[in-house]
Student: 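Submitted below is the structure of interest, expressed as structure tokens.
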Amino acid sequence: MVTPAVSIESIQKQFGKLNALKGIDLTIEQGEFFGLLGPNGAGKSTLINLMAGLLKPTHGQIKVMGHDVQKDYQQSRQNLGVVPQELVFDPFFNVREMLRFQAGYFGRGPENDAWVDEVIESLGLADKANTNMRRLSGGMKRRALIAQALAHKPPVIVLDEPTAGVDVELRQMLWDFIKRLNRDGHTIILTTHYLEEAETLCGRVAMMKAGEIVALDTTENMLRQFAGKNLCLKLKGSLPASLLPMLKHGENNLFTLGLNELGQVEYALSELRKAHVDVEDMQLIEADLEDVFLSIVGKGSSA
Amino acid sequence: MISAQYRGVWTLFKKEVWRFWRVAFQTLASPVLTALLYLLIFSHVLEDRVQVYEDVPYTAFLIPGLMMMSMLQNAFANTSSSLIQSKVMGNLVFILLTPLSYLQLFIAFLGASIIRGLAVGLAIFLVSVWFVHLPIANLAWILVFALFGCALLGTFGVIAGIWAEKFDQMAAFQNFVIMPLTFLSGVFYSIHSLPGFWQTVSKFNPFFYMIDGFRYGFFGKSDVSPWLSLVVVMAFLVLLTWVTLKMLKSGYKLRG
């Protein structure tokens, strides 16, 4: 049996009276592109900090590539690269120096320099490699932060909101690079506020709410199981009462109906005919992860 | 060629040395200038009025004290400022995410603080010997007290850096603990010139022993035996190292 990239068993974390994680069990296999979603305060970053050994669990165990993050922390950290959420940097050094230092902390020497250069190139940092971290723009600092987590070429990479506040170009560049790393066998764990990113990139997602995992499945299954498709209608008149249970959203004469199966389209149209309501326009839209997220985590939450 | 096993600690040590070297004007030149100003003013005012040891001019007496005071303050500043800056800026996370053990962290931070302390001490020595003849009675004592003095304050700086959460807490530590202890340790005088009560008080100040022992290395004369000073310095070093390692191992204020 292949060792899981990350195995989390009965993890609980208490901050004073706050129960931040209430017994999480999760296994992420090697080579997965895994999404961790949830509203602010759901416990995503706490879980990542526990994986990284920045926090100690109140109860439970986490292993990275088979190594306990508390007892065998040196091995587990060798296998893990974490991109922190906050835009932090060391003001004394330039990008290349920082990356070489970071690799050095993990025991990597000059033999690793080619990889550091590749990371610099792939993240579009080549022009800024000799620029002091202080002088970089916000987007460039974000790139450098990501590069630092990759400097020792870890098999498991955790990206905590890596694209928060960054431009489209960097997002594209970052995801191209991360997808390539994933194809090369690296396990990627991603938390993001951009659900369309998770939908496009992640093979499997876990949704967290108030310190618990409330849904865990492949992205495909989750989309199928929870959301199906959406039927958007522009009507001349109001929606018949028989269709109200399917209504997801209605404003003026625009209505969105949630469908579990395609056969429901015919049902909706026949009900409209019966009620003599004309259809001005109609669109069938695939539900996205946001629909799933809202149906599981609840409206009024943001990922 | 350094092995992968030791590269982590070596890298952190190197980074910490580079960190203060990058701002050498502030970390090296500035304490040297301050020490020279003390030397200039105190020697001008007191050279003809005070003689602490026979055959030792006051200016010469002053130099080892000023060297040691600057070494201690800078060794403390190196570890404490690096830690508090990294904590406040948030970039300490880059070190906490690595496989470096708590002992390796301690060794790297401490090593860099000793280098800074010794560099400052050496620079003051090299500049001040232009002005006054400074004998060297026993080089071994000079080196022993310089090394262990810097180590003791470097360790103290790690404790302060871990404990403090804000710059003003660190400033309080520096101004209300380190400064009074260094100034009241016999840098500018022999404790034998003090009234009995203050002599006793001075003997509870570990900084006194570092300065007195260090001065013995230059003049072969001191207020107390250098062996006693060494025992006191080593005892404090062992105690503070134990406290520091306990703090680092438990993750106190570093890992929640």
Side-chain angles (χ1 to χ4, degrees), chain A residues 13-16 20 46 48-58 67 70 72-94 97-112 132-134 144-145 148-149 151-152 154 158 160, chain B residues 1-27 78 81-109 112 116 167 247-256:
Chain A
K13 179 65 185 173
Q14 200 123 13
F15 295 106
T46 304
I48 286 172
N49 288 341
L50 285 163
M51 260 183 237
L54 297 174
L55 292 174
K56 291 175 181 172
T58 310
H67 302 285
Q70 290 295 318
D72 195 7
Y73 69 92
Q74 291 191 306
Q75 280 306 312
S76 76
R77 289 185 205 161
Q78 278 288 357
N79 287 291
L80 192 67
V82 178
V83 182
Q85 199 177 118
E86 291 79 24
L87 203 54
V88 290
F89 63 95
D90 192 321
F92 288 92
F93 303 102
N94 68 37
E97 285 166 348
M98 262 330 297
L99 295 182
R100 288 192 177 162
F101 282 142
Q102 203 62 30
Y105 298 151
F106 287 83
R108 309 292 195 279
E111 78 287 351
N112 192 64
N132 186 291
M133 299 286 291
R134 248 188 346 239
L145 195 64
Q148 268 181 271
H152 63 290
V158 179
D160 194 0
Chain B
M1 190 69 186
I2 196 154
S3 78
Q5 195 190 347
Y6 299 111
R7 187 169 284 120
V9 64
W10 168 250
T11 305
L12 184 57
F13 165 75
K14 198 167 68 175
K15 193 212 86 173
E16 284 299 304
V17 171
W18 275 30
R19 192 191 65 83
F20 80 73
W21 184 248
R22 284 281 158 92
V23 283
F25 220 68
Q26 179 201 332
T27 55
N78 208 62
S81 66
S82 178
L83 279 165
I84 188 75
Q85 274 178 15
S86 306
K87 274 168 70 175
V88 173
M89 298 276 295
N91 60 301
L92 192 65
V93 71
F94 298 131
I95 291 166
L96 297 178
L97 288 169
T98 68
L100 289 166
S101 70
Y102 67 94
L103 189 62
Q104 289 174 319
L105 285 185
F106 176 64
I107 290 169
F109 274 100
R116 172 158 158 199
F167 285 115
M247 286 168 96
L248 285 169
K249 191 179 180 186
S250 70
Y252 174 74
K253 290 202 176 184
L254 296 177
R255 297 179 197 272

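Chain letters run A, B, ... following the sequence lines, proteins first, then strands; residues in each count from 1.
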Student: Pick one of side chain, backbone, both or neither for B/Arg22, based on which atoms fall under 4.5 Å of a heavy atom in chain A.
Tutor: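 Contact with chain A is through the side chain of B/Arg22 alone.
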Student: Which residue in the set B/Leu105, B/Thr98, B/Leu103 passes side-chain contact (heavy atoms from CB on, under 4.5 Å) when paired with B/Ser101?
Tutor: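 Answer after filtering B/Leu105, B/Thr98, B/Leu103: B/Leu103.
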Student: At a heavy-atom distance under 4.5 Å, which candidate from A/Met98, A/Arg108, A/Glu86, A/Gln75 has the highest pair count against chain B?
Tutor: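 Most heavy-atom pairs within the cutoff with chain B belong to A/Arg108.
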Student: Does any heavy atom of chain B fall under 4.5 Å from the side chain of A/Phe15, the backbone, both, or neither of them?
Tutor: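 Contact with chain B involves no heavy atom of A/Phe15 at all.
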Student: For B/Val23, is it the side chain, the backbone, both or neither that has a heavy atom under 4.5 Å from a heavy atom of chain A?
Tutor: side chain
Student: Is B/Ser86 in contact with chain A via its backbone, its side chain, both, or neither, using a 4.5 Å heavy-atom distance?
Tutor: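 Neither part.
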Student: Just so I know, are the side chains of B/Asn91 and A/Phe89 near enough to count as touching, which here means a heavy-atom distance under 4.5 Å?
Tutor: no
Student: Angle class for the A/Phe101/A/Tyr105 ring planes (parallel below 30°, perpendicular above 60°, tilted otherwise)?
Tutor: parallel
Student: Kindly say whether A/Ala151 contributes a backbone atom to a donor-acceptor pair with the side chain of A/Asn112 at under 3.5 angstrom?
Tutor: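 Pair found, side chain donor or acceptor close to backbone of A/Ala151.
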Student: Checking heavy atoms, do the side chain of A/Glu97, its backbone, both or neither come under 4.5 Å from chain B?
Tutor: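 Side chain only.
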Student: Could you check whether any side-chain N or O of A/Thr46 sits under 3.5 Å from a backbone N or O of A/Ala20, counting only pairs where one atom can act as donor and the other as acceptor?
Tutor: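 Flag not set: sc A/Thr46 to bb A/Ala20 has no pair under 3.5 Å.
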Student: What residue in A/Arg100, A/Lys13, A/His152, A/Gln148 has the most heavy-atom pairs under 4.5 Å with chain B?
Tutor: A/Gln148
Student: Apply the test side chain to side chain contact (heavy atoms under 4.5 Å, CB included) to residues A/Asp90 and B/Met89: give CA-CA distance (whole Å), side-chain angles for both, the deciding distance (0.1 Å), then the verdict.
Tutor: CA-CA 8 Å; A/Asp90 192 321; B/Met89 298 276 295; over 6 Å; no
Student: A/Leu87 versus chain B, heavy atoms under 4.5 Å apart: side chain, backbone, both or neither?
Tutor: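 For A/Leu87, there is no contact with chain B at all, as no heavy atom is under 4.5 Å.
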